[in-house]
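Working notes for the structure below.
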Amino acid sequence: MKVRNWAASVTVLVLAASGTALATPANAAGCYGSTCEGKDPAAYCQSDAITPSNGAHWLGPAYLELRYSPSCRAAWARISRAPYVPQDQSKPWAIVHRTSDGKEYPCTVPNGSTSCYTKMVNDIDVKSLAKGGYDGGAQVWTGSTGSY
């Protein structure tokens, strides 16, 4: 009888542990959809982020991306390879734009850096895109990615 009770207890513990181990990526990330709104992607959703095939655009030497996390169902913009020279340029910038309601979050590349990324927007059943600009001193580039 003791062996049967022990086996039942072990079975219950294994099932309980497997339920915890099978937590969805969204639960592990700490936010999902609307609960990601305005949050830092590096803290919550960066680990599985992708750049969709239409989610990148060159702004001269700078690279603008729309980033998307499938587990969080959230999107953000990132600009990289965008050195900022204060005496010659205005700051490089990126904006994530949700097309359904126009919600946006911006970022600008700080002095001494070459990149920045925005806060996240909820991207469940809507589309978002990234907009950005880079001032190369002699030429200024602006543009946007496709929607995803």
Side-chain angles (χ1 to χ4, degrees), residues 9-148:
S9 297
V10 168
T11 301
V12 168
L13 288 174
V14 167
L15 290 174
S18 68
T20 302
L22 296 176
T24 64
N27 291 339
C31 72
Y32 183 78
S34 62
T35 65
C36 294
E37 187 77 36
K39 291 187 177 173
D40 182 351
Y44 294 93
C45 303
Q46 179 175 285
S47 64
D48 72 338
I50 62 166
T51 300
S53 59
N54 69 341
H57 184 75
W58 285 99
L59 303 170
Y63 193 57
L64 176 66
E65 295 172 273
L66 176 68
R67 303 288 289 161
Y68 174 76
S69 167
S71 66
C72 292
R73 301 284 303 271
W76 62 96
R78 176 172 70 184
I79 188 168
S80 57
R81 302 177 190 170
Y84 170 54
V85 181
Q87 64 272 20
D88 296 336
Q89 302 169 281
S90 58
K91 289 186 174 190
W93 55 273
I95 295 173
V96 65
H97 173 87
R98 186 170 50 221
T99 59
S100 62
D101 63 1
K103 179 66 178 176
E104 294 183 333
Y105 290 104
C107 73
T108 55
V109 175
N111 292 352
S113 187
T114 61
S115 65
C116 71
Y117 58 89
T118 68
K119 302 290 185 193
M120 296 184 287
V121 292
N122 171 16
D123 203 46
I124 294 178
D125 298 328
V126 295
K127 292 189 176 192
S128 300
L129 59 85
K131 302 186 281 188
Y134 179 70
D135 180 350
Q139 186 171 352
V140 175
W141 293 273
T142 59
S144 64
T145 67
S147 297
Y148 185 81

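One is the number of the first residue; the rest follow in order along the sequence. This one's a predicted model, so the numbers in the text were calculated from it and none came from an experiment.
W76 and C45 make their closest contact through CH2-O, 3.7 Å (heavy atoms, listed as atom of the first residue, atom of the second, distance). Listed here is the closest heavy atom pair of S100 and V126: OG-CG1, 3.5 Å. Residues P92 and A82 share a closest heavy-atom pair of CG-O, 3.6 Å. Taking each heavy atom of G146 and L129 in turn, the nearest pair found is O-CB, 3.7 Å. Scanning all heavy atoms of the two residues, the minimum distance from T99 to S147 falls at CG2-OG, 4.0 Å.
For the cysteines C31 and C36, the sulfur (SG) atoms lie within a distance shorter than 2.5 angstrom of each other.
Two residues are said to be in side-chain contact when any heavy atoms from C-beta on lie closer than 4.5 Å; P41 and M120 meet this criterion. Side-chain contact between S115 and Y63 is absent, with no heavy-atom pair separated by less than 4.5 Å. The side-chain heavy atoms of R73 and Y32, taken from C-beta on, include a pair separated by under 4.5 Å. Looking only at side-chain heavy atoms (C-beta outward), P86 and Y84 come within less than 4.5 Å of each other.
Applying the side chain to side chain donor-acceptor pair (under 3.5 Å) test to every pair with at least one member in residues 129-145, sequence neighbours left out, gives these pairs: Q89-Y134, S90-D135, E104-K131. Applying the salt bridge (charged side-chain N to carboxylate O under 4.0 Å, His left out) rule to pairs touching residues 89-100 yields E37-R98, R98-D101, sequence neighbours excluded.
Under 3.5 Å, the side chains of R67 and T51 contain a donor-acceptor pair of N or O atoms.
Summarising the geometry, atom NZ belonging to K119 is positioned 9.5 Å from atom OH belonging to Y44; distances are rounded to the nearest 0.5 Å. To the nearest 0.5 angstrom, Y117 atom OH is 13.0 Å from S80 atom OG. To the nearest 0.5 angstrom, L64 atom CG is 8.5 Å from W93 atom CH2.
Within the 3.5 Å criterion, the main-chain N or O of D123 finds no donor-acceptor partner in the side chain of S128. Here the side chain of D48 pairs a donor or acceptor atom with the backbone of S71 at under 3.5 angstrom.
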